[in-house]
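Presented below is the structure to which this report refers.
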Amino acid sequence: MDELFKKRRSVRRFQDRPVADEVLADLFETARYSPSWGNLQCWELVVVKDGEDKRKLAGMLSPKNPAGKCTESAPVLLAVCGSPQKSGYYKGVQVTRYQHWFLYDLGIISQTLCLKAWELGLGSVIIGSFDHKAAEELLGVPEGVELVALIALGYPDQDPPAPKRREVSEFVHFGRFPAR
Ligand SMILES: Cc1cc2nc3c(=O)[nH]c(=O)nc-3n(C[C@H](O)[C@H](O)[C@H](O)COP(=O)(O)O)c2cc1C
């Protein structure tokens, strides 16, 4: 587990090798055990393999997004979608300070997907910066569901080093939050 957590990297260059349906099935079977608010499992995943659709989605990233090229070249894109008015709501009423717990749930399933992908020999990168509205229209995301992130998946063609991390002492506080 420790190695998986530390060695998983965002991969932005993939081999020209398809991902078998059985491998995807294995990935999704694990992902469905992700925790979620009230176990509501508000997530929906759209699996995009069509070359033209991937090209269109790649065009929805800003030209500066480092995941631009791999959005088109990845054998599989997952569109991670969810219903905003489930997590954090009870009988339609918001019950906590935060109304966006669905983002939390989608973050957790995204992490499960990326870690399991790594175990299966696949690289992945989460993509959060793109024209969400245009992507929703292309993929037919219905009213009441939002497309939050894309995950590009494929066999890695690079082994990037880990970007710098904050030291534990910078973000772990014992007893009290330190005065600022
Ligand atoms: C919510 C979220 C959104 C992200 N969006 C993008 C993105 O739009 N483009 C990109 O190239 N990487 C994106 N990333 C990947 C991060 O840049 C990457 O996780 C971070 O630099 C740490 O590198 P590592 O994943 O290799 O540990 C995103 C990651 C997260 C968690």
Side-chain angles (χ1 to χ4, degrees), residues 1-16 19 27-28 30-31 33-37 41-48 53-84 86-88 98-139 141 145-172:
M1 281 293 286
D2 192 62
E3 194 189 353
L4 179 62
F5 276 108
K6 289 179 182 166
K7 291 276 164 64
R8 178 220 50 86
R9 287 278 71 72
S10 289
V11 168
R12 299 180 180 84
R13 218 170 58 217
F14 299 104
Q15 296 170 34
D16 185 16
V19 180
L27 180 67
F28 301 141
T30 294
Y33 286 90
S34 301
S36 61
W37 177 286
Q41 307 161 59
C42 72
W43 43 67
E44 311 278 343
L45 301 176
V46 183
V47 182
V48 182
D53 285 343
K54 287 188 284 181
R55 195 185 59 75
K56 286 182 184 161
L57 288 166
M60 295 172 196
L61 275 62
S62 94
K64 285 193 180 149
N65 194 317
K69 275 199 186 126
C70 75
T71 302
E72 187 169 349
S73 64
V76 179
L77 290 179
L78 302 180
V80 182
C81 309
S83 311
K86 280 190 178 168
S87 305
Y98 300 109
Q99 70 273 47
H100 294 310
W101 285 107
F102 88 111
L103 295 176
Y104 206 92
D105 292 347
L106 297 189
I108 291 172
I109 197 171
S110 297
Q111 171 78 329
T112 309
L113 287 163
C114 292
L115 290 172
K116 180 65 185 176
W118 194 258
E119 191 200 58
L120 292 168
L122 295 167
S124 65
V125 60
I126 298 172
I127 303 159
S129 181
F130 57 94
D131 182 341
H132 287 81
K133 199 99 220 109
E136 284 172 353
E137 272 167 30
L138 176 72
L139 301 179
V141 177
V145 181
E146 294 187 17
L147 196 177
V148 173
L150 297 168
I151 301 180
L153 273 182
Y155 292 96
D157 196 24
Q158 62 173 181
D159 183 13
K164 194 171 169 2
R165 263 31 189 202
R166 293 168 72 196
E167 294 299 332
V168 169
S169 59
E170 294 177 53
F171 66 91
V172 177

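As a basis for the values below, the full set of heavy atoms in this structure was taken, side chains included, without hydrogen atoms, waters or symmetry mates. No experiment lies behind these values; they were computed from the predicted model shown. Counting starts at 1 for both ligands and their atoms, following the listed order.
Side-chain N or O atoms of Lys54 include none that pairs as donor or acceptor with a backbone N or O of Leu77 at under 3.5 Å. A donor-acceptor pair under 3.5 Å is formed between the side chain of Glu136 and the backbone N or O of Leu147. Panel note: side chain Ser36, backbone Gln41; a donor-acceptor pair is recorded below 3.5 Å.
Under 4.0 Å from any atom of ligand 1, one finds heavy atoms of residues Arg8, Arg9, Ser10, Arg12, Asn65, Pro66, Ala67, Val125, Ile126, Ile127, Gly128, Ser129, Pro163, Arg165.
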Residues 154-163, side-chain donor-acceptor partners within the protein, below 3.5 Å, at least two apart:
residue, atom, partner, partner atom, Å
Gln158, OE1, Arg12, N, 2.7
Gln158, OE1, Arg13, N, 3.4

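Sorted by first and then second residue, the pairs that involve residues 98-121 and meet salt bridge (charged side-chain N to carboxylate O under 4.0 Å, His left out), not counting sequence neighbours, are Lys116-Glu119. Among pairs with a residue in residues 108-131, those fulfilling ring pair (Phe, Tyr, Trp, His ring centres under 6.0 Å) read Phe130-His132, at least two apart in sequence or across chains.
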